[in-house]
Amino acid sequence: MPDPLEIVLIGIGTGNPEHLTLQAIRALNRADIVLLPRKGVEKGDLAALRRSLFADLVSNPATRMVEFDMPVRDPSIPAYLARVDNWHDAIARAWQDALAPHPEAGVVALMVWGDPALYDSTLRIASRMGRPAQITVIPGIMAPQALTAAHAIPLNAVGAPFLVTTGRKLSEEGWPVGVETLLVMLDGDCAFQRLDPQGVTIWWGAFLGMSNQIVDHGPLAEAGPRILAARAAARAEHGWIMDTYLLRRHSASAP
């Protein structure tokens, strides 16, 4: 049986190198290998940012970077959950293939966008490794934190709950009953445009924490069309976009 492996998942925030904690920097420097996913030409700047973080923050000469090509989801699988499950298996195999030439590596780190705990699959993929592995998580700044900081607003209304959901869920199920504040992630189709905008305010941000950060906010009826146009322009310019937004009904008691 191979020696146990430690997989260290390091939250790196939303694109600002200053988001990394001292704990994250120490974790990078004790790793034998840092795995870096390549996600194609369109998202090449994501890989470039990780390479830059490695170059700037890793001072241990024994720590090496190993790159691998990130698998894509199989569009021929119709069911969403089955498609994601198949994709996670493919990524775990890609990790194993990348590590195969380095059997001596005992500590392997991955730099995870945002935080591994929120709408990220890295923890689930790590559990699929064929080699026994201890999982260590270094928390990072999440997109909701970066969004509310960019707009200088609280995430929740006074004494009230909020719900974190996806654009797919919002499109399929509409505004959940009993919740006045929604934080929406992974919304490539801009589900907010299919909501009744009456009494709803939106706070939106793209490329949060990065030098090309874009933010907008206002009544959904007014800000929604601006956001759609800004999002389309940014996606055309960069080839990709990473954004999130908060929706709040006016009956909530906080801004």
Side-chain angles (χ1 to χ4, degrees), residues 5-17 19-20 24-25 27-58 60 63-75 77 83-103 105-131 133 135-143 146 185-186 188 206-210 212 235 238-244:
L5 176 70
E6 182 182 5
I7 299 177
V8 186
L9 307 181
I10 302 171
I12 62 171
T14 59
N16 187 336
H19 284 180
L20 270 75
I25 296 170
L28 284 171
N29 278 279
R30 76 177 183 86
D32 298 309
I33 284 176
V34 177
L35 284 179
L36 188 147
R38 295 187 296 253
K39 298 185 179 183
V41 175
E42 288 187 344
K43 295 187 178 181
D45 46 353
L46 296 180
L49 176 62
R50 287 185 170 96
R51 293 188 192 102
S52 176
L53 291 175
F54 183 92
D56 291 343
L57 301 175
V58 176
N60 181 359
T63 301
R64 293 163 291 162
M65 178 181 291
V66 174
E67 300 190 12
F68 68 97
D69 291 322
M70 187 74 163
V72 297
R73 298 183 194 181
D74 185 350
I77 302 174
R83 190 161 63 246
V84 170
D85 187 63
N86 176 271
W87 181 48
H88 289 175
D89 281 341
I91 297 172
R93 289 192 297 271
W95 289 10
Q96 293 170 19
D97 291 345
L99 293 175
H102 311 281
V107 180
V108 175
L110 288 101
M111 290 184 275
V112 178
W113 209 259
D115 183 274
L118 183 64
Y119 286 115
D120 182 84
S121 300
T122 317
L123 275 165
R124 298 181 185 90
I125 296 163
S127 69
R128 300 178 184 221
M129 295 288 287
R131 182 175 168 186
I135 310 299
T136 301
V137 176
I138 310 298
I141 291 176
M142 298 179 178
M185 303 182 68
L186 306 176
F207 307 111
L208 290 162
M210 302 177 74
N212 53 339
R235 187 178 183 87
H238 299 284
W240 65 280
I241 192 167
M242 191 179 297
D243 62 339
T244 188

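Side chains included, hydrogens not; waters and symmetry mates left out as well; all remaining heavy atoms used. Computed from a prediction, not measured in an experiment: that's the story for all the values here.
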What is the minimum heavy-atom distance between [X] and [Y], and which atoms define it?
X	Y	answer
Pro116	Leu123	O-CD1, 3.6 Å
Met185	Ala143	CE-CB, 4.0 Å
Gly209	Asn16	O-CB, 3.1 Å
Ala98	Pro101	O-CD, 3.4 Å
Ile12	Leu53	CD1-CD1, 4.0 Å
Ile141	Ala146	CG2-N, 4.3 Å

Between the main-chain N or O of Leu57 and the side-chain N or O of Asn29, is there a donor-acceptor pair closer than 3.5 Å?
yes
So, taking the atom named [atom1] in [X] and the one named [atom2] in [Y], what distance separates them when rounded to the nearest 0.5 Å?
X	Y	atom1	atom2	value
Leu208	His19	CG	NE2	8.5 Å
Glu67	Arg51	CD	CZ	4.0 Å
Asp69	Asp97	CG	CG	11.0 Å
Asp32	Leu99	CG	CG	10.5 Å
Ile138	Ile25	CD1	CD1	11.5 Å
Ile33	Arg64	CD1	CZ	4.5 Å

When you look at Phe68 and Leu35, which way does the side chain to side chain contact (heavy atoms under 4.5 Å, CB included) test go after all the steps?
CA-CA 7 Å; Phe68 68 97; Leu35 284 179; 4.1 Å; yes
Could you tell me whether Arg235 and Asp243 make a salt bridge, using a distance below 4.0 angstrom between a side-chain N and a carboxylate O?
no
Validation row: [X], [Y] side chains within 4.5 angstrom (heavy atoms):
X	Y	answer
Phe207	Ile241	yes
Leu20	Leu28	yes
Asp120	Asp115	no
Phe54	Thr63	yes
Trp240	Lys39	no

Arg30 vs Val8, side chain to side chain contact (heavy atoms under 4.5 Å, CB included): CA-CA, chis, key distance, verdict
CA-CA 10 Å; Arg30 76 177 183 86; Val8 186; 3.9 Å; yes
Determine, step by step, whether Ile91 and Met70 satisfy the side chain to side chain contact (heavy atoms under 4.5 Å, CB included) criterion, reporting the C-alpha distance in whole Å, the side-chain angles of both residues, the deciding distance to 0.1 Å, and the verdict.
CA-CA 7 Å; Ile91 297 172; Met70 187 74 163; 3.4 Å; yes
Using the rule given for ring-ring contact (aromatic ring centres under 6.0 Å, His included), can you reason through Tyr119 versus Trp113, listing the C-alpha separation, both sets of side-chain angles and the distance that settles it, and then say yes or no?
CA-CA 10 Å; Tyr119 286 115; Trp113 209 259; over 10 Å; no
Counting neighbours of CZ on Arg124 that are heavy atoms of other residues, nucleotides or ligands and sit closer than 6.0 Å, is the number greater than 12?
no
Could you walk me through whether Asp85 and Arg128 pass the side chain to side chain contact (heavy atoms under 4.5 Å, CB included) check?
CA-CA 11 Å; Asp85 187 63; Arg128 300 178 184 221; 2.8 Å; yes
